Number of protein chains: 2
Amino acid sequence: MLIRSSTPEALRQNNSLSVLSALRRQGALAHTDLCAQTGLASATVSAITAILERDGVIERLEQKPAGGRGRPRVLFQPKRDCGYLAAVRISSDQVQYSLVDYAGRLIDRFEEPRLGGDGATEAFGQSFLAALARLAERSRLARDQVLAISISSKGIVDPGAARLVWSPVFGGAALDFSALLGGVWPARVLLANESLLVAQAIAAQREGQGHIPAIAALSLGHSIGLGLARRDRHGEWEVSAPNFGHMQHVAGGSLCRCGSQGCVEAYAGFYAVLRTAFQVPPQTIPAKFVPIAEIDKIAAQARAGHRMAIYAFRQAGQSLGAGLARMMSLFGSMPVAVTGPGLRFFGLMQEGLLEAFAETHEGRLNGVPLILPMTGEDELVFEGHVTRALAEMDVMLATGQGGGAP
Amino acid sequence: MLIRSSTPEALRQNNSLSVLSALRRQGALAHTDLCAQTGLASATVSAITAILERDGVIERLEQKPAGGRGRPRVLFQPKRDCGYLAAVRISSDQVQYSLVDYAGRLIDRFEEPRLGGDGATEAFGQSFLAALARLAERSRLARDQVLAISISSKGIVDPGAARLVWSPVFGGAALDFSALLGGVWPARVLLANESLLVAQAIAAQREGQGHIPAIAALSLGHSIGLGLARRDRHGEWEVSAPNFGHMQHVAGGSLCRCGSQGCVEAYAGFYAVLRTAFQVPPQTIPAKFVPIAEIDKIAAQARAGHRMAIYAFRQAGQSLGAGLARMMSLFGSMPVAVTGPGLRFFGLMQEGLLEAFAETHEGRLNGVPLILPMTGEDELVFEGHVTRALAEMDVMLATGQGGGAP
DNA sequence: CGGTTTTTCTCGACAGTCGAGAAAATATTT
DNA sequence: AAATATTTTCTCGACTGTCGAGAAAAACCG
């Protein structure tokens with residue numbers, strides 16, 4: 001929506017983008033609606049839709065909604081086949097590849113097991129390229145029809161470049177997807193943390209209803225993720241994934257999977273709950289993987305009144321509450337959406353969380369935050385992929401770089 | 001530099017702003033320089049400078065720098081008298097009023113004692129209005145020649161509205177400067193935390209030399225302030241003043257002046273150092289005011305090897321180190337400029353700070369941050385006022401709202 | 001005093017937005 | 001069935017703005 005350049009062409013690109021993104025987000029709109037939505041003059045909208053139609057980016061809807069009197073409206077809609085995006089979700093045990101069209105429809109999807117053990121980043125790169133090629137081929141798409149490749153993982157991401165800095169999956173071996181895909185795929189490459197995508201999806205969902213200035217997405221599981229969506233000065237969503245899970249909770253505290261002591265994750269991650277509940281010394285090296293059934297057992301004990309089990313979840317909640325209060329001291333108050341496989345244990349953590357939050361300056365000044373439990377993290381991550389990548393595609397299509405008539 | 005509107009007029013305003021702000025920041029530039037700086041075509045620059053000159057915003061420099069061959073350059077510069085800003089700095093004991101012209105020159109300045117005790121916000125408002133009127137009158141300025149009023153205080157500020165939410169001076173009594181000045185003064189009202197202004201000033205200083213993506217300004221004193229300057233997506237500085245001093249350091253820790261327990265300030269503020277050094281119980285209600293000479297004495301003792309004095313500063317450093325590590329977990333690594341009256345004790349805190357920082361995940365991943373001790377906090381705050389307000393005035397003058405020919 | 005050089009200024013072409021009114025296509029009324 | 005009303009889309013001319021190229025200006029140099 002914002003342009004930096006100074007020429008009338010840039011103005012047109014900017015206005016084209018307004019029209020196109022309004023059209024894509026709202027489905028099908030008539031000339032009149034577009035004027036109202038974008039604030040552009042009727043003549044300008046005519047000029048822009050004419051060009052977008054000529055370039056094969058939008059089309060007229062056939063089925064005319066017969067309504068009241070007057071000349072019937074002609075509805076425009078984006079062409080579904082004018083560009084595609086590939087969404088790749090990297091989990092600890094598998095990689096999911098999805099192909100989505102410009103209307104946001106899922107076209108194809110498959111999973112592959114994640115190859116190799118630790119440090120097998122080279123092999124992973126090769127299987128990644130092969131899978132992407134397969135994804136395009138199965139739908140008979142040329143590579144230049146895929147306009148964006150959106151990749152997600154848990155871990156720390158370099159926001160500028162598409163570079164994975166640290167992840168529970170690959171450890172500290174930096175993985176540069178831009179370099180990996182550059183030259184082979186002409187698409188724009190996006191890389192994001194999973195929690196960032198969840199925040200993005202929730203922000204997009206709430207776009208219409210009321211003006212929420214910010215929202216946090218907290219993901220509970222073996223590791224702890226936090227995504228932030230905030231509106232910037234210009235009213236646009238600015239999403240980020242701060243390194244919340246490894247923010248220090250207590251100096252010299254429990255040993256974390258990352259090797260440091262006292263991280264939030266070392267109190268609120270699954271392995272931490274397990275460690276506390278079984279009274280394993282807190283400096284014990286954490287379990288690599290904890291089946292969720294184990295945590296379910298501890299939760300059942302806690303609900304039955306078992307003291308150490310209750311304490312384990314309470315302590316997890318306290319570390320989250322203190323961490324969130326610290327985060328909001330810096331970013332301001334905001335509602336918190338809770339997701340992830342650990343959501344089902346949140347009831348056991350909530351009291352500790354709110355208690356720890358309430359005793360901070362942030363809690364005393366602004367009260368405890370609104371907590372929104374949200375099921376379906378997988379869908380939210382996918383929605384986040386789609387939201388981000390489609391917005392990127394809007395820009396490409398509006399500025400005439402890539403895509404267009406098939 | 002960014003436009004949101006869609007019309008050719010907005011384009012012109014945008015380009016005018018590029019020209020004007022380049023001119024103001026660099027002093028005096030010729031037509032050719034402006035083309036190079038802004039990237040605009042020569043003809044466009046001619047058109048814009050002609051209008052700005054006609055409107056009395058810029059003028060031709062008389063003194064021509066006789067140079068080599070060729071037609072001599074004509075240098076443009078902003079007119080000093082085309083608009084003024086008032087900078088108001090509210091301290092605990094006094095209020096400083098400054099009048100600055102569009103060239104950034106200090107025209108007039110006076111201090112007034114801050115009236116009334118706690119809760120005397122009403123009386124303060126009246127004296128504030130009277131002092132502003134006096135400031136304009138002493139320089140024989142009409143009110144509409146003052147384009148911006150920039151106000152600073154320690155404490156928490158509502159970034160959108162010019163509303164002081166909490167301050168050590170007024171406590172929780174919210175003070176709405178927009179409402180106070182609206183109607184009486186046509187100027188734009190800006191309100192900022194002092195540390196934010198320091199960060200803004202340092203960011204502006206480093207603007208030229210190298211591309212620093214972010215910088216933090218840490219102010220040490222009776223209270224602890226943090227200002228952040230980060231570049232956003234569009235490469236512009238985004239400054240903020242997170243509530244760092246009252247971020248929780250230790251749950252259930254020492255009593256803070258704000259009434260909560262365990263805030264960073266309750267370990268690193270002057271009163272905290274005093275309390276620890278004299279082994280006063282940490283839940284004792286903090287002293288309202290500590291003469292800096294007291295801290296100097298403790299520092300002397302520490303340098304002489306007195307154990308509790310050393311520990312007091314060390315503990316302060318540790319709370320700062322842990323807090324900065326938490327901050328950088330969320331915002332990313334950045335250099336830290338240290339200012340404030342407590343800077344002279346920083347040598348005694350530094351070891352504890354770096355030690356606490358190094359043991360966090362942030363410290364292990366990215367190393368300890370670059371620390372830049374900076375003397376002259378007062379000047380930096382003033383520079384921040386001027387930088388911010390002048391940038392605001394650029395926009396007003398370029399869009400033709402207010403200011404211009406006297 | 002006429003070339004050279006550098007800078008500023010000017011002109012016409014081109015791109016874009018806008019407001020107003022014409023044209024189109026339907027429902028309703030006579 | 002024709003005329004009228006209504007709503008929407010399309011088109012035209014005016015205006016604003018940017019740009020490239022070349023003309024004009026103003027110095028220095030030989």
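By convention in this document, chain letters (A, B, ...) are assigned in the order of the sequence lines, proteins followed by strands, and residues within each chain are numbered from 1. Remember, predicted model here, so these are calculated numbers, not experimental data.
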**Student:** Check each residue of residues 26-34 of chain A for a non-hydrogen atom within less than 4.0 Å of any atom in DNA chain C, then write out the ones that pass by number, or none.
**Tutor:**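 Contacting residues: none.
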**Student:** Can you tell me how the ring of His234(A) sits relative to the ring of His234(B), calling it parallel under 30°, perpendicular over 60° and tilted otherwise?
**Tutor:**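 Perpendicular, since the angle between the ring planes exceeds 60°.
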**Student:** Heavy-atom nearest nucleotide on DNA chain D for Thr49(A) versus Gly70(A): which residue maps closer to 5'?
**Tutor:**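 Result of the comparison: Gly70(A).
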**Student:** Whole Å only: how far is the CZ atom of Arg71(B) from the C1' atom of dC29(D)?
**Tutor:**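 My rounded result for the distance is 19 Å.
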**Student:** Please name all residues satisfying side chain to side chain donor-acceptor pair (under 3.5 Å) with Arg60(A), sequence neighbours left out, ordered by chain then number.
**Tutor:**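 Residues passing side chain to side chain donor-acceptor pair (under 3.5 Å) with Arg60(A): Glu53(A).
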**Student:** Would you mind reading off the distance between Ile51(A) atom CD1 and dC10(D) atom P, rounded to a whole angstrom?
**Tutor:**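 Interatomic distance, CD1 of Ile51(A) to P of dC10(D): 14 Å.
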**Student:** Any side-chain N or O of Asn15(B) below 4.0 angstrom from OP1/OP2 of dG17(D)?
**Tutor:**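 No, Asn15(B) has no side-chain N/O under 4.0 Å of OP1/OP2 on dG17(D).
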**Student:** Mind checking what makes side-chain contact (heavy atoms from CB on, under 4.5 Å) contact with Glu379(B), not counting sequence neighbours?
**Tutor:**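 With neighbours one apart ignored, the set is empty.
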**Student:** Can a donor-acceptor pair be found, under 3.5 Å and without considering hydrogens, that links the side chain of Ser139(A) to the backbone of Ala136(A)?
**Tutor:**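 The answer is no, because no donor-acceptor pair under 3.5 Å joins these two groups.
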**Student:** Looking at Arg69(B), does any N or O in its side chain come under 4.0 Å of the phosphate oxygens OP1/OP2 on dC29(D)?
**Tutor:**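 No, because none of the side-chain N or O atoms of Arg69(B) sits under 4.0 Å from OP1 or OP2 of dC29(D).
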**Student:** In degrees rounded to 10°, what angle is found between the helical axes fit to the five outermost pairs at each end of the helix from dC1(C)-dG30(D) to dT30(C)-dA1(D)?
**Tutor:**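 End-to-end axis angle: 30°.
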**Student:** Suppose the criterion is salt bridge (charged side-chain N to carboxylate O under 4.0 Å, His left out): which pairs have a residue in residues 201-211 of chain A, not counting sequence neighbours?
**Tutor:**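 As it turns out, the salt bridge (charged side-chain N to carboxylate O under 4.0 Å, His left out) pairs with a partner in residues 201-211 of chain A, which skip direct neighbours, are Glu207(A)-Arg231(A).
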**Student:** Specify the separation, in whole Å, of atom CG of Asn14(B) and atom P of dG16(C).
**Tutor:**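 One finds 17 Å between P of dG16(C) and CG of Asn14(B), rounded.
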**Student:** Among the candidates dA15(C), dG17(D), dG19(C), find the nucleotide nearest to the side-chain atoms of Glu9(A).
**Tutor:**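 The nucleotide sitting nearest to the side chain is dA15(C).
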**Student:** Set out, line by line, the N/O atom pairs under 3.5 Å between protein and nucleotides 11-14 of chain D.
**Tutor:**
none

**Student:** Between Phe76(B) (CZ) and dC9(C) (C1'), how many Å, whole number?
**Tutor:**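 Rounded to the whole Å, the gap is 11 Å.
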**Student:** I need the full list of salt bridge (charged side-chain N to carboxylate O under 4.0 Å, His left out) pairs touching residues 7-19 of chain A, with sequence neighbours left out, sorted by first then second residue.
**Tutor:**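 Checked against salt bridge (charged side-chain N to carboxylate O under 4.0 Å, His left out) - neighbours excluded - no pair reaches residues 7-19 of chain A.
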**Student:** In this structure, how many angstroms lie between the P atom of dG16(C) and the CD atom of Gln13(A), rounded?
**Tutor:**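 Distance check: Gln13(A) CD to dG16(C) P gives 9 Å.
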**Student:** Excluding sequence neighbours, so at least two apart, what forms side-chain contact (heavy atoms from CB on, under 4.5 Å) with Ala103(B)?
**Tutor:**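 Ala103(B) satisfies side-chain contact (heavy atoms from CB on, under 4.5 Å) with Arg80(B), Asp101(B), Arg105(B) only.
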**Student:** Could you tell me which residues satisfy side-chain contact (heavy atoms from CB on, under 4.5 Å) with Val157(B), sequence neighbours excluded, listed by chain and number?
**Tutor:**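 With neighbours one apart ignored, the set is Leu164(B), Leu191(B).
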**Student:** Residues in salt bridge (Lys or Arg N to Asp or Glu O under 4.0 Å) with Arg230(B), at least two apart?
**Tutor:**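 Not a single residue meets the salt bridge (Lys or Arg N to Asp or Glu O under 4.0 Å) criterion with Arg230(B).
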**Student:** Does dC19(D) have its OP1 or OP2 closer than 4.0 Å to a side-chain nitrogen or oxygen of Ser6(A)?
**Tutor:**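 For dC19(D), OP1/OP2 do have a side-chain N/O of Ser6(A) under 4.0 Å.
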**Student:** Output all residues satisfying side chain to side chain donor-acceptor pair (under 3.5 Å) with Ser152(B), sequence neighbours left out; order by chain, then residue number.
**Tutor:**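 For Ser152(B) the side chain to side chain donor-acceptor pair (under 3.5 Å) partners, ignoring immediate neighbours, are His385(B).
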**Student:** I want to verify a distance call: between dC19(D), dT7(C), dC18(C), whose nearest atom is closest to the Thr7(B) side chain?
**Tutor:**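 Nearest listed nucleotide: dC18(C).
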**Student:** Whole angstroms only, please: what is the CG-C1' distance between Leu75(B) and dT7(C)?
**Tutor:**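 Between C1' of dT7(C) and CG of Leu75(B): 12 Å.
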**Student:** If you check every side-chain atom of Leu11(B), which of dA27(D), dT8(C), dT18(D) has the closest atom?
**Tutor:**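 Among the listed nucleotides, the one closest to the side chain of Leu11(B) is dT18(D).
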**Student:** Please enumerate all residues that pass side-chain contact (heavy atoms from CB on, under 4.5 Å) together with Ala398(B), with sequence neighbours excluded.
**Tutor:**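 Scan of Ala398(B) (side-chain contact (heavy atoms from CB on, under 4.5 Å), adjacent residues dropped) gives Ser16(B), Leu17(B), Leu20(B).
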**Student:** Spell out, as yes or no, whether a donor-acceptor pair under 3.5 Å connects the side chain of Thr399(A) to the backbone of Met396(A).
**Tutor:**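 Indeed, once roles are kept as given, a pair shorter than 3.5 Å links the two residues.
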**Student:** From the set dT17(C), dC29(D), dC18(C), return the single nucleotide nearest to any side-chain atom of Arg12(A).
**Tutor:**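 Comparing dT17(C), dC29(D), dC18(C) against the side chain of Arg12(A), the answer is dT17(C).
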**Student:** Whole-Å distance between dT9(D) C1' and Leu40(A) CG?
**Tutor:**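 It works out to 16 Å between those atoms.
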